[in-house]
S.K.: 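Structure below; questions to follow.
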Amino acid sequence: MIIVGELINASRKAIAAAIEDRDAEKIQEIARRQAENGANYIDVNAGVFVGREVDYLKWLVTTVQDAVETPCCIDSPDPAAIEAALELHQGTAMLNSISLEKERYEALMPIVAGTDLKVIALCMSDEGMPETTDARLGIADRLVNGLVQNNVPLENIYVDPLVQPISTNQEFGMAFLEAIEKILARFAGVHTICGLSNISYGLPERALLNQIFMAMAIGRGLDGAIVDPLNRRMMATIYAAEALAGRDEYCGQYLTAYRQEKLSF
Amino acid sequence: MSDVFTRITEELIAGNLKEVPEMCRRAAEDGVPAQEILDKSLFPGMEVVGQRMKTGEMFIPEVLRSAKAMQAGLEVLKDRLVDAGGSSHLGVVVLGTVQGDMHDIGKNLVGMLMEGAGFKVVDLGVDIKPEQFVAAVSEHDAALVGMSALLTTTMPKMEETVKALAEAGLRGRVKVMAGGAPVTPKFVEQIGADGYGADAGGAVDTAKQLLGAA
């Protein structure tokens, strides 16, 4: 399971303040704690700073990489910001994200083409957000084929079928889960990933829904997640679900997590 | 008679998809004017739903259910309202998610609650260019524009829309409000819009205030 630690995102007020103050210590502390708690990538997002994103994103990459060896997940739609960040980045970064929206697709494809970057392929198009399994598959198909034709190997592609809230349509949970299964079946070697907290939008006790949905998605094959690695219950859910889905040899990760006291609260 | 209105209101709040239209039909057949059923049971019911959503007592699926029950009630009353010269409303609201933004959940909720509060809603959909807002305001003689954005990257389109309305000479007669997760009251002020909605219920309150219908 690939865990992308989501905390360093400027849409969170404390992070925006830390970025504006150039508070390296604070950013590094959050990066370190995410890495220690299982993050394989540290998401960096400076999207709220219109006009200053390039500088802030560069600063975030160097600041994070001074503290941890975990690579960054560069979270931006702006090709200039991404290229500037990649220039500084050590190791192989992940890109969050390309989509089938024409402008975004055309801006980002030249950046990932022929590289060994990991890339999140978000199932969204200019027609809007997909609601059904088939709509997700249609977008995934065009995205994956486009990336492969541009010499991005399947195993570097993380398809995000886009979680939509069940509060607005009770079918949205299953439409997503079936998309995970079908995408993995159609493109052998490709990965799937998602930020899934949107599933519980508009409902009470969101943490409960998020955790159970994570377990259900892992049961369908989900092998990547954009989450808060400091959320102990969510991480425990992931360890347990991976073991239950038969993806944890000799239950090794689960037992390690147990010995590190990550499974009790 | 007030008893009938109260019962319809209660069923509407409970989101009873069968009872609401059935009770509306019976009341209308008993000679209660359709407009009165609307004004004294359906609108007040949706008002309560909006308030309860705002306070966290009701949740989105329940609001959607009530809105659907309201639509079912309206469907029954529609012909009778037309007979009586059409339904009166608080004003025309043009709603849309701004250019480059595909998020529609919040906007749809606002639309439903505004309809429930008695506005006539023209929902333009998602990815709406400033000039499309302008054209819709002229075409429908709208009193209010509601813009939604869920992305920090599309928020600047809200300012462009306000400017486009001004350039078209419409700003004097149309109020503008904005909402969506990254939008703040401060931002609304900065771009020269008139009102902010923190949530769908709040948006309806603001709309009523802006149009002097509170």
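This one's a predicted model, so the numbers in the text were calculated from it and none came from an experiment. Proteins get letters first, then strands, A, B, ... in listed order; numbering begins at 1 in each.
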S.K.: Distance check, rounded to the nearest 0.5 Å: B/Thr153 atom OG1 versus A/Glu53 atom CD?
M.R.: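 If we round to the nearest 0.5 Å, B/Thr153:OG1 and A/Glu53:CD are 9.0 Å apart.
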
S.K.: Which bit of A/Pro77 is near chain B, if near means a heavy-atom gap under 4.5 Å: side chain, backbone, both or neither?
M.R.: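 The side chain, not the backbone.
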
S.K.: Could you check whether atom CZ of B/Arg65 has more than 12 heavy atoms from other residues, nucleotides or ligands sitting under 6.0 Å from it?
M.R.: no

S.K.: Quick check on the structure: residues of residues 158-168 of chain A within a heavy-atom distance below 4.5 Å of chain B, by number.
M.R.: A/Gln164, A/Pro165, A/Ser167, A/Thr168

S.K.: Counting only heavy atoms not in A/Glu103, do more than 12 fall under 6.0 Å of its CD?
M.R.: no

S.K.: Check the surroundings of atom CZ in A/Arg142: do more than 12 heavy atoms from other residues, nucleotides or ligands lie under 6.0 Å from it?
M.R.: no

S.K.: Any chance CZ of B/Arg173 has more than 12 other-residue heavy atoms, nucleotides or ligands included, within less than 6.0 Å?
M.R.: yes

S.K.: Quick one: of B/Met53, B/His103, B/Met155, who has the most non-hydrogen atom pairs under 4.5 Å with chain A?
M.R.: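 Highest number of heavy-atom pairs under 4.5 Å: B/His103.
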
S.K.: More than 12 heavy atoms of other residues, nucleotides or ligands under 6.0 Å from CD of B/Glu189: is that the case?
M.R.: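 Atom CD in B/Glu189 is not packed in, count stays at 12 or less.
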
S.K.: Which pair of heavy atoms, one from B/Thr152 and one from A/Gly47, lies closest together, and at what distance?
M.R.: OG1-O, 3.5 Å

S.K.: If you check every heavy atom in residues 195-202 of chain A against those of chain B, which residues fall under 4.5 Å?
M.R.: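 So far as heavy atoms go, A/Tyr201, A/Gly202 are the residues that approach chain B to under 4.5 Å.
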
S.K.: Looking at B/Ile105, B/Asp104, B/Val126, B/Leu151, which one has more heavy-atom pairs under 4.5 Å with chain A than the rest?
M.R.: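 Answer, by heavy-atom pair count under 4.5 Å with chain A: B/Ile105.
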
